[in-house]
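Right, one structure below, let's go through it.
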Amino acid sequence: MPELPEVETTRRGIAPHITGHRISGVIVREPRLRWPIPPDLGQKLRGRRIQSVGRRGKYLLLEADQGAVIIHLGMSGSLRLVDPVEPPLRHDHLDILFENDRCLRLRDPRRFGAVLWMESDPRGHGLLARLGPEPLESDFDGDYLYGRSRGRRTAIKPFLMDNRIVVGVGNIYACESLYLAGIHPLRPAGRISRNRYRRLASSIQQTLCQAIAAGGTTLRDFLSSEGRPGYFRQQLQVYGRAGEPCPRCSTPIRQVRQGQRSTFFCSRCQT
DNA sequence: AATCGCGCCTGACGGC
DNA sequence: TGCCGTCAGGCGCGAT
């Protein structure tokens, strides 16, 4: 499921192939994503040149001259570069065709993703405007988390997954970072010391960097733009490992429900 | 303001 | 074999 490392892997995979190239057409096979794909997307895009491929949190930004395509991969989305003659498969909802005879193809079985068009700076879009800092940028650190968490009674794990606090940390990387930092996922966010937040911020950065280096995590769906899976799954310490021994102390990994999601942790190492 | 729970959607999987 | 219930979950949104 695409979190920040998977989106970044995708960004790096597609950028060299489409940057500087002109869009020749758009094929929408299924517009019903989280929000409908804009019916006039083809008119808006035809003839425009992609100037850069950016990322804000889990949003990919295909920045053209005057405007940008905003893409979210949701739970099951992936983007691939294909030959336009390659026949589309089930769930291949959108093709963006380029004059260099490449085709950027969006596949999204669960259709939780989104494709939007923004006429001006995409970072001003309502969905992006109130996002928290990038975890790998310098304005994110333990002191920032400490400040934002004062007075908050919510548990640290949903706090970390709140994209107004920090972007890009989904269920997998929240579990892994908390394990690495030795913090119990159910602990109230407002009852964690500054020093522990410093360790947590480092753990988040370390986890995300290692996952990016491995090309992301593939559980079921995720494939890179070249069609390869991510290899970080083998490095997961707790996620998806309920009942297995903790890598550090051998206590069986526990699984609990937090909100609507599964949380994995070691009840001995995380306090 | 903070917090909680819902619903969107398909595929995999287990039980009968 | 086939059917049905459950789970996976990012995230905006409405209710409290």
Side-chain angles (χ1 to χ4, degrees), chain A residues 1-10 29-37 55-60 70-79 88-94 106-116 118 125-132 134-135 145 147-178 185-192 204 208 211 216-223 229-230 232-233 236 238-243 253-265:
Chain A
M1 49 215 64
E3 298 183 31
L4 188 150
E6 292 74 40
V7 178
E8 180 61 20
T9 297
T10 300
R29 298 188 194 82
E30 172 56 86
R32 294 175 302 166
L33 304 185
R34 189 172 215 285
W35 298 281
I37 296 177
R55 178 186 59 74
R56 180 71 177 97
K58 300 177 191 171
Y59 293 92
L60 276 170
I70 300 172
I71 299 176
H72 197 291
L73 298 175
M75 277 294 300
S76 59
S78 57
L79 284 169
L89 301 174
R90 192 162 141 80
H91 307 305
D92 285 344
H93 306 315
L94 171 74
L106 173 72
R107 177 181 165 80
D108 187 3
R110 269 162 274 188
R111 292 197 271 122
F112 283 7
V115 177
L116 303 166
M118 179 76 171
H125 192 283
L127 289 171
L128 282 74
R130 280 172 294 280
L131 293 178
E134 290 287 328
L145 283 179
R148 289 298 302 268
S149 64
R150 291 310 89 184
R152 297 289 300 265
R153 299 162 72 162
T154 190
I156 181 61
K157 184 174 170 250
F159 177 77
L160 278 187
M161 291 172 68
D162 181 342
N163 63 18
R164 293 164 300 182
I165 302 300
V166 60
V167 295
V169 183
N171 201 39
I172 295 173
Y173 299 113
C175 290
E176 294 296 306
S177 303
L178 287 167
L186 297 171
R187 176 174 284 275
R191 306 218 19 215
I192 294 172
I204 291 168
L208 293 176
T217 300
T218 296
L219 294 180
R220 283 196 191 88
D221 302 298
F222 176 73
L223 295 176
F232 195 66
R233 187 178 186 176
L236 295 177
V238 290
Y239 185 88
R241 299 193 182 279
I253 299 297
R254 286 189 53 196
Q255 177 175 5
V256 296
R257 261 343 247 178
Q258 231 175 337
Q260 326 292 23
R261 348 210 125 82
S262 287
T263 295
F264 299 88
F265 67 104

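What you see is a predicted model; the values in this text were computed from it and never measured. Atoms considered below: every heavy atom in the structure, side chains included; atoms not considered: hydrogens, waters and symmetry mates. Per chain, numbering begins at 1; letters A, B, ... match sequence-line order.
Atom P of nucleotide C:dC11 and atom CG of A:Leu131 are separated by 9 Å, given to the nearest angstrom. The CD1 atom of A:Ile172 sits 8 Å away from the P atom of C:dG10 (whole-angstrom rounding). Atom CG of A:Asn163 is separated from atom P of C:dC13 by 12 Å (rounded to the nearest Å). Whole-Å rounding puts the A:Arg32 CZ to B:dC9 C1' distance at 10 Å. What separates CZ of A:Arg130 from P of B:dA1 is a distance of 12 Å, to the nearest Å. In this structure, A:Ile70 atom CD1 and C:dG12 atom P are separated by 12 Å, rounded to whole Å. Between the CZ atom of A:Arg111 and the C1' atom of B:dC9 there is a distance of 6 Å, rounded to whole Å. Whole-Å rounding puts the A:Arg164 CZ to B:dC4 C1' distance at 12 Å.
Counting non-hydrogen atoms of neighbouring residues, nucleotides and ligands closer than 6.0 angstrom, the CZ atom of A:Arg150 exceeds 12 such neighbours. The local environment of CZ in A:Arg254 is sparse, with at most 12 non-hydrogen atoms from other residues, nucleotides or ligands closer than 6.0 Å.
In terms of phosphate contacts, A:Arg110 brings no side-chain nitrogen or oxygen within less than 4.0 Å of OP1 or OP2 of C:dG10. Close to B:dG11, at under 4.0 Å from its OP1 or OP2, lies a side-chain N or O of A:His91. Remark: A:Tyr59 is in phosphate contact with C:dG12, judged by side-chain N or O atoms under 4.0 Å from OP1 or OP2.
Each of B:dT3, C:dA8, C:dG10 was ranked by its minimum atom distance to the side chain of A:Arg153; first place goes to B:dT3. With C:dC11, C:dG12, B:dG11 as the candidates, the nucleotide lying closest to the side chain of A:His72 is C:dC11. Among B:dT10, C:dG10, B:dC4, the nucleotide with an atom closest to any side-chain atom of A:Thr154 is B:dC4. Relative to the side chain of A:Arg152, the nucleotides B:dA2, C:dG10, B:dG11 differ in distance, and B:dA2 lies closest.
For the residue pair A:Ala174 and A:Met161, the shortest heavy atom distance occurs at CB-CG, 3.8 Å. The two residues A:Leu89 and A:Asp92 have their closest heavy-atom pair at N-OD2, 2.7 Å. Across A:Glu3 and A:Gly170, no two heavy atoms sit closer than the pair OE1-N, 2.8 Å.
Counting heavy atoms from C-beta on, the side chains of A:Phe232 and A:Tyr239 never come closer than 4.5 Å. Two residues are said to be in side-chain contact when any heavy atoms from C-beta on lie closer than 4.5 Å; A:Val167 and A:Glu134 meet this criterion.
No hydrogens or angles were tested; on distance alone, nothing pairs the side chain of A:Arg34 with the base of B:dC9 as donor and acceptor under 3.5 Å.
When the options A:Val115, A:Val7, A:Ile70 are evaluated for a side chain to side chain contact (heavy atoms under 4.5 Å, CB included) with A:Leu60, the one that passes is A:Val7.
Residue A:Gly151 is the one, among A:Phe112 and A:Gly151, whose nearest nucleotide of DNA chain B lies closer to the 5' end (criterion: closest heavy atom).
A heavy-atom distance below 4.0 Å to DNA chain C is reached by these residues of residues 257-265 of chain A, ordered by number: A:Arg257, A:Arg261, A:Ser262.
Aromatic ring pairs are classed by plane angle as parallel below 30°, tilted from 30° to 60° and perpendicular above 60°; the pair A:His72 and A:Tyr59 is perpendicular.
One axis for each end of the helix from B:dA2-C:dT16 to B:dC16-C:dG2, each built from five base pairs, and the angle between them comes to 50° at 10° resolution.
Residues that satisfy the side-chain contact (heavy atoms from CB on, under 4.5 Å) test with A:Val238, not counting sequence neighbours, are A:Cys175, A:Glu176, A:Tyr179, A:Ile253, A:Phe264.
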